[in-house]
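Presented below is the structure to which this report refers.
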Amino acid sequence: MTPLDQLRAAIADAAIALGQQATAEEPFVATLERPKRPEFGDYSTNAAMLLAPKLKKPPREIAVALGEQLEQRLGESLKSFEVAGPGFLNIFLADHWHRDTLAYVLDQGEGFGGGSASGAPERILVEFVSANPTGPLTAAGGRHAAYGDALARMLSFAGHDVQREYYINDHGSQIAKLGASIVARSRGEDVPEGGYEGAYVSELALQLVDATDPEPDSDALAEQGVAIIVDGIRETLHGFRVDFDTWFSERSLHQDENGGAISAAYKALEAGGATFASDDATWLRTTAYGDDKDRVLRRSNGEDTYFASDIAYHLDKRARGFQRLIDVWGADHHGYVARMKAAFTALGDDPDALEIVIMQFVNIIEHGERASMSKRRGDFITLSDLISEIGVDAARFLMLQRSHDSTVDLDLDLAREQSSENPVYYVQYAHARIVSVLTKADVARVGEATALLPLPAVALEPAERALIHKLLSFSSEVDDAVTRRAPHRIAAYALELAQEFTAFYRDCQIVGVQPVETESFRLGLAEASRRVIACALGLLAVDAPDVM
RNA sequence: GCCCCCGUAGCUCAGCUGGAUAGAGCGCCGGCCUUCUAAGCCGGAUGUCGCAGGUUCGAAUCCUGCCGGGGGUACCA
């Protein structure tokens with residue numbers, strides 16, 4: 001039980017003592033939050049305002065009674081309480097409580113903040129990036145990569161069993177166009193209408209096509225080209241600290257040796273009675289499950305749509321035993337959400353097992369204008385370009401700072417210019433600074449100080465209390481970030497924590513301070529800060545350097 | 001037309017499962033290195049939280065409508 005949970009429990013107990021009804025199924029839940037202004041206490045609760053209608057008494061009167069109840073329950077942890085505004089109960093905690101809290105954080109060790117899902121862990125497959133293998137990864141692909149990877153790290157940290165997967169769309173018209181483009185370039189011709197114009201296509205042509213061959217095999221070239229491009233993508237992602245557990249080939253769904261996954265999907269859909277034929281095509285009646293129009297599975301020319309293979313693909317994911325599927329899709333695919341969920345229902349599966357995160361776009365701004373990002377025309381900023389311009393840490397932090405449902409404008413000129421001012425360095429600097437201080441104090445001394453429980457009963461400075469609060473909140477920040485699928489909250493938290501540590505560093509001498517008990521306490525506080533910063537950065541796969 | 005996301009400081013964006021005087025980074029103005037890392041710190045200026053209603057003791061946050069930006073709306077992927 002965290003110190004915050006203990007506070008919440010005390011408030012709930014106090015409320016029950018005042019006459020609030022509560023059961024295990026329907027507990028009494030009040031807010032417990034850090035007020036914006038320090039004079040409003042360490043924590044504030046709206047419990048009295050929630051109780052007022054039931055107890056039929058003024059909220060402020062209830063707040064006083066609640067505070068008295070808390071005094072009995074919290075003992076020397078509570079310093080004082082105040083009733084404020086319409087009926088807030090502001091809680092001021094004693095140094096005793098703050099010391100116990102730091103002891104709790106230190107005692108939790110490296111796992112502090114994680115494990116919230118360990119009681120009910122799920123097998124989760126996170127599928128992300130999955131960019132068409134018709135060219136190198138763009139900077140936008142980098143956003144998907146950073147997001148999906150950070151999400152996977154967070155889910156693992158919470159206690160889930162997570163795998164990362166990349167779906168390779170190595171089948172269909174785009175691949176055919178790639179093959180045709182390679183053939184055209186090998187002859188020194190322009191690519192056909194709608195083909196791929198990037199310089200890498202000419203390189204592939206040079207590499208793959210025998211110049212003496214009058215009739216190059218377009219399909220074979222496409223396949224070889226895809227293999228090379230996928231290798232490049234894998235390498236780029238690895239450099240970006242993103243490694244997938246599986247690379248799933250769409251083509252494999254169309255091959256019989258895979259059990260004929262697509263025909264199996266048709267059978268499953270037909271068994272549910274949700275398919276029908278019309279205009280020589282096969283349709284899925286997705287309108288029966290919330291979609292706004294029915295969707296084609298097999299076109300009148302006999303070819304399967306992407307939707308059909310996607311259904312087979314998701315059936316395969318479920319067959320592999322994943323309880324939860326998280327797909328990270330670009331904003332241009334949001335129209336597919338309803339039909340994919342409808343397909344789940346048509347298959348008799350639970351649509352809630354499929355969770356689709358829609359990632360908004362990345363606009364690259366260069367010279368004050370929005371740069372084109374057309375993969376087909378080949379005039380895009382690649383992820384590896386971005387990495388070599390600003391580095392992995394800055395690139396990841398930049399991508400992860402913003403919410404996934406907010407469009408990101410990435411100004412390349414600014415990014416280059418300000419990469420040295422990227423907030424990520426502020427966080428990393430705080431970490432390096434702590435390591436430097438702890439090293440100065442001596443490793444053995446730090447080990448001794450952090451093992452000292454209970455911590456020495458020293459009086460605390462405001463900056464120490466503030467830092468302890470920030471450290472403690474890591475657990476709830478992680479939980480929040482996990483449930484909202486919002487890694488950007490971790491980035492924001494890391495920055496805030498670094499700021500709190502810096503304030504502590506400014507106000508409180510650590511090494512050599514007298515008495516020695518104070519030094520011990522502060523070493524413990526510094527070490528806890530170091531661990532949490534490293535952990536938060538680790539969730540984002542950003543380095544926590546010892547020296548800068 | 002319908003669907004999704006966004007509209008908060010000069011810029012880029014947090015905050016949005018309701019709380020008290022709305023935040024960060026960058027940029028701007030002025031200060032700080034003989035003391036644990038100045039990639040730092042301190043002080044200062046900057047807002048009709050797109051607009052209008054509604055719900056509430058309380059709305060940037062929830063609901064409705066409107067305006068503006070982006071995306072989607074294929075027997076493409």
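Being a predicted model, the structure only gives us computed values, none of them experimental. Just so it is clear: chains get the letters A, B, ... in the order the sequence lines come, proteins before strands, and each one is counted from 1. Just so it is clear, the values below take in all heavy atoms, side chains as well, and ignore hydrogens, waters and symmetry mates.
Proximity of A/Arg298 to the phosphate of B/C75: no side-chain N or O atom is located under 4.0 Å from OP1 or OP2. One finds a side-chain N or O of A/Tyr426 lying less than 4.0 angstrom from the OP1 or OP2 phosphate oxygen of B/C41. For B/C6, the OP1/OP2 oxygens have no side-chain nitrogen or oxygen of A/Arg402 closer than 4.0 Å. For B/A39, the OP1/OP2 oxygens have a side-chain nitrogen or oxygen of A/Tyr429 closer than 4.0 Å. Between A/His404 and the phosphate of B/C5, there is no side-chain N or O to OP1/OP2 separation shorter than 4.0 Å. Of the side-chain N and O atoms in A/Arg484, one or more sit less than 4.0 angstrom from OP1 or OP2 of B/C16.
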- Apply the test side chain to side chain donor-acceptor pair (under 3.5 Å) to residues A/Gln174 and A/Tyr196: give CA-CA distance (whole Å), side-chain angles for both, the deciding distance (0.1 Å), then the verdict. CA-CA 9 Å; A/Gln174 296 307 311; A/Tyr196 290 89; 2.7 Å; yes
- Query: Between A/Thr450 and A/Glu527, does a side chain to side chain donor-acceptor pair (under 3.5 Å) hold up when you go through it step by step?
  - Reply: CA-CA 8 Å; A/Thr450 52; A/Glu527 168 61 9; over 6 Å; no
- Message: Is there a side chain to side chain donor-acceptor pair (under 3.5 Å) between A/Asp304 and A/Tyr266? Walk through the geometry before answering.
- Response: CA-CA 10 Å; A/Asp304 298 308; A/Tyr266 276 109; 2.8 Å; yes
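In a base pair of the Watson-Crick type (N1 to N3 plus N6-O4 or O6-N4) or a G-U wobble (N1-O2 and O6-N3), with each distance short of 3.5 Å, B/G68 is matched with B/C6. Using Watson-Crick or G-U wobble geometry with both donor-acceptor distances under 3.5 Å, B/G1 finds its partner in B/U73. The partner of B/A60, taking Watson-Crick or G-U wobble pairs whose two distances both stay under 3.5 Å, does not exist in any strand shown. Pair check for B/C28 finds B/G44; Watson-Crick or G-U wobble, both atom distances under 3.5 Å. Applying the Watson-Crick and G-U wobble criteria (two distances, each under 3.5 Å), B/A39 pairs with nothing in any strand.
Judged purely by atom type and a 3.5 angstrom limit, A/Glu464 uses its side chain to pair as donor or acceptor with the backbone of A/Glu461. Judged purely by atom type and a 3.5 angstrom limit, A/Tyr200 uses its side chain to pair as donor or acceptor with the backbone of A/Thr134. Looking at A/Thr286, its side chain does come within 3.5 Å of a backbone N or O of A/Lys293 through a donor-acceptor pair. Remark: side-chain polar atoms of A/Arg143 are paired, donor with acceptor, to backbone N or O of A/Phe361 under 3.5 angstrom. Counting only distance, with no hydrogens or angles, the side chain of A/Asp279 and the backbone of A/Ala281 share no donor-acceptor pair below 3.5 Å.
For B/G7 and B/U48, the C1' atoms lie 14 Å apart once the distance is rounded to whole Å. Taking the P atoms as reference points, B/A45 lies 32 Å from B/C6, given to the whole Å. Annotation: B/G53 and B/U61 have their P atoms spaced 14 Å apart (nearest Å). Using atom P as the reference point in both B/C16 and B/G50, the two lie 15 Å apart (nearest Å). Atom name P, nucleotides B/C62 and B/C4: the rounded distance is 14 Å, in whole Å. Distance check on atom P: B/U64 versus B/C5 gives 12 Å, rounded to whole Å. As rounded to the nearest Å, B/A20 and B/G58 have C1' atoms that lie 9 Å from one another. The same atom, P, is picked in B/A24 and in B/G44; the two are 12 Å apart, to the nearest Å.
At a threshold of 4.0 angstrom between heavy atoms, the contacts of A/Pro86 include nucleobase atoms, whether or not backbone atoms are also involved. When heavy atoms are screened at a 4.0 angstrom cut-off, A/Asp280 is found touching no nucleic acid atom at all. At a threshold of 4.0 angstrom between heavy atoms, the contacts of A/Asp170 with the nucleic acid are absent. Within 4.0 Å (heavy atoms only), A/Glu303 reaches no atom of the nucleic acid at all. Using a 4.0 Å heavy-atom cutoff across all strands shown, A/Val547 reaches at least one base atom of the nucleic acid. As judged by a 4.0 angstrom heavy-atom cut-off over every strand, A/Leu495 is placed among residues touching the sugar-phosphate backbone only. Nucleic acid contact for A/Ala52: none, since no nucleic acid atom lies under 4.0 Å from a heavy atom of the residue. Contacts of A/Ile358 with the nucleic acid, taken as non-hydrogen atoms under 4.0 Å apart, are absent.
Here the NE2-CD distance, from A/His334 to A/Gln360, works out to 9.5 Å after rounding to the nearest 0.5 Å.
The side chain of A/Asp405 sits closest to B/C5 out of B/A20, B/C5, B/A39. Taking the side chain of A/Ser173 as heavy atoms from C-beta on, and the options B/G19, B/U17, B/C76, the nearest nucleotide is B/C76. Across B/C16, B/C36, B/U12, the shortest atom-to-atom separation from the side chain of A/Val511 is found for B/C36. Comparing atom distances between the A/Ser403 side chain and each of B/C76, B/A14, B/C41 picks out B/A14 as nearest. With B/G25, B/C13, B/A20 as the choices, the nucleotide that has an atom nearest any side-chain atom of A/Ser406 turns out to be B/C13. Side-chain proximity of A/Asn90 to the nucleotides B/A20, B/C41, B/C76 is greatest for B/A20. Picking from B/C76, B/C75, B/A14 the nucleotide with the shortest atom distance to the side chain of A/Trp283 gives B/C75. Taking the side chain of A/Gln174 as heavy atoms from C-beta on, and the options B/U37, B/C76, B/U21, the nearest nucleotide is B/C76. Comparing B/G19, B/A24, B/U21 by their closest approach to the side chain of A/Met49 singles out B/G19. When distances are taken from the side chain of A/Arg489 to each of B/C16, B/C57, B/C36, the shortest belongs to B/C16.
Taking the side chain as every heavy atom from C-beta outward, A/Tyr166 and A/Ile233 approach each other to under 4.5 Å. At least one side-chain heavy atom of A/Met359 sits under 4.5 Å from a side-chain heavy atom of A/His404. When side chains are defined from C-beta on, A/Ile175 does not count as touching A/Glu223, because their heavy atoms never get closer than 4.5 Å. The shortest side-chain heavy-atom distance between A/Arg396 and A/Val424 does not fall under the 4.5 Å cut-off. Between A/Phe88 and A/Phe40 there is no side-chain heavy-atom pair separated by less than 4.5 Å. Residues A/Glu519 and A/Arg445 meet the side-chain proximity criterion, which asks for heavy atoms closer than 4.5 Å.
For A/Ser44 and B/A20, a side-chain-to-base donor-acceptor distance below 3.5 Å is present, hydrogens and geometry of angles not being considered. You won't find any donor-acceptor pair under 3.5 Å spanning the side chain of A/Asn46 and the base of B/A20, going by distance alone.
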- Letter by letter from the 5' end, nucleotides 42-47 of chain B scores (B base, S sugar-phosphate only, - none; protein heavy atoms under 4.0 Å) S-----
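Ion pairing between a basic and an acidic side chain is recognised when a charged N comes within 4.0 Å of a carboxylate O; A/Lys317 and A/Asp327 show such pairing.
Stacking between A/Phe88 and B/G19 is absent: the aromatic ring centre is not both under 5.5 angstrom from the base six-membered ring centre and within 30 degrees in plane angle.
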Grab the N/O contacts between the protein and nucleotides 68-74 of chain B below 3.5 Å, and write none if there aren't any.
residue: B/G71; atom: N2; partner: A/His334; partner atom: ND1; Å: 3.2
residue: B/G71; atom: N2; partner: A/His334; partner atom: NE2; Å: 3.1
residue: B/U73; atom: O2'; partner: A/Lys293; partner atom: NZ; Å: 3.3

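Applying a 4.0 Å cut-off to non-hydrogen atoms, the residues of residues 28-36 of chain A that approach RNA chain B are A/Lys36, listed by residue number.
Its glycosidic angle being more than 90° from 0, B/C11 falls on the anti side.
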